[in-house]
**Q** 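Got a structure for you, written out below as structure tokens; questions coming shortly.
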Amino acid sequence: MEKNEEFQKRIGYRFRNRHLLTQALTHSSYANEKHMSRFANNERLEFLGDAVLEAYTRQAGLTARYSVSGLNTAAGSFAFSGLSQGALG
């Protein structure tokens with residue numbers, strides 16, 4: 001069984017784009033050793049993930065700070081509503 005298949009079976013989730021799974025699990029030093037494309041490693045995905053988390057935490061902080069009577073502002077609920085609806089899977 002291929003390692004990615006085994007991994008997906010273990011975690012109980014099947015990725016639609018297996019290329020992205022391979023990329024996400026490939027460290028830049030391994031890709032460099034194996035003379036793979038400079039885009040075949042997880043660094044770009046890591047930077048993207050960091051940016052998404054930073055934006056989300058900033059928005060969550062602003063939403064909590066500027067909520068009125070426990071209701072979130074329209075900007076807080078609208079801006080990042082897509083993140084929890086499977087944008088990555």
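Quick caveat: nothing in here was measured; it's all calculated off a predicted structure. Just so you know, residue 1 is the first one in the sequence shown, and it goes up from there.
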**Q** Do K34 and T26 have side chains that approach each other closer than 4.5 Å (heavy atoms only, starting at C-beta)?
**A**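 No - every pair of side-chain heavy atoms lies 4.5 Å or more apart.
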**Q** Using a 6.0 Å cut-off, check whether atom CZ of R14 has over 12 heavy atoms from anything other than its own residue.
**A**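 Buried by this count: over 12 neighbours within 6.0 Å.
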**Q** Side-chain contact test, heavy atoms from C-beta onward, threshold under 4.5 Å: evaluate it for L21 versus F7 and give yes or no.
**A**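 They are in contact (side-chain heavy atoms under 4.5 Å apart), so the answer is yes.
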**Q** Hey, what do you get for CG (N32) to NE2 (H27), rounding to the nearest 0.5 Å?
**A**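 So the CG of N32 and the NE2 of H27 are separated by 11.0 Å.
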**Q** Restricting to side chain to side chain contact (heavy atoms under 4.5 Å, CB included), what partner residues turn up for H19, sequence neighbours left out?
**A**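 With neighbours one apart ignored, the set is N17, Q23.
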**Q** Going by side chain to side chain donor-acceptor pair (under 3.5 Å), name the residues that satisfy it together with E33, two or more places apart in sequence or in a different chain.
**A**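 E33: no side chain to side chain donor-acceptor pair (under 3.5 Å) contacts found.
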**Q** Less than 4.0 Å between a side-chain N and a carboxylate O, is that true for E5 and K9?
**A**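 No.
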**Q** Can you list, pair by pair, the side-chain donor-acceptor contacts under 3.5 Å of residues 42-49, counting residues two or more places apart and other chains?
**A**
| residue | atom | partner | partner atom | Å |
| --- | --- | --- | --- | --- |
| N42 | ND2 | A24 | O | 3.3 |
| E43 | OE2 | S28 | OG | 3.1 |

**Q** Assigning hydrophobic clusters by single linkage (Ile, Leu, Val, Met, Phe, Trp, Tyr; side-chain heavy-atom cutoff under 4.5 Å), is Y13 placed with L25?
**A**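 Yes: a chain of side-chain contacts under 4.5 Å links Y13 to L25.
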**Q** If you measure from CG on N41 to OG1 on T22, what distance do you get to the nearest 0.5 Å?
**A**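 The OG1 atom of T22 is 12.5 Å from CG of N41, to the nearest 0.5 Å.
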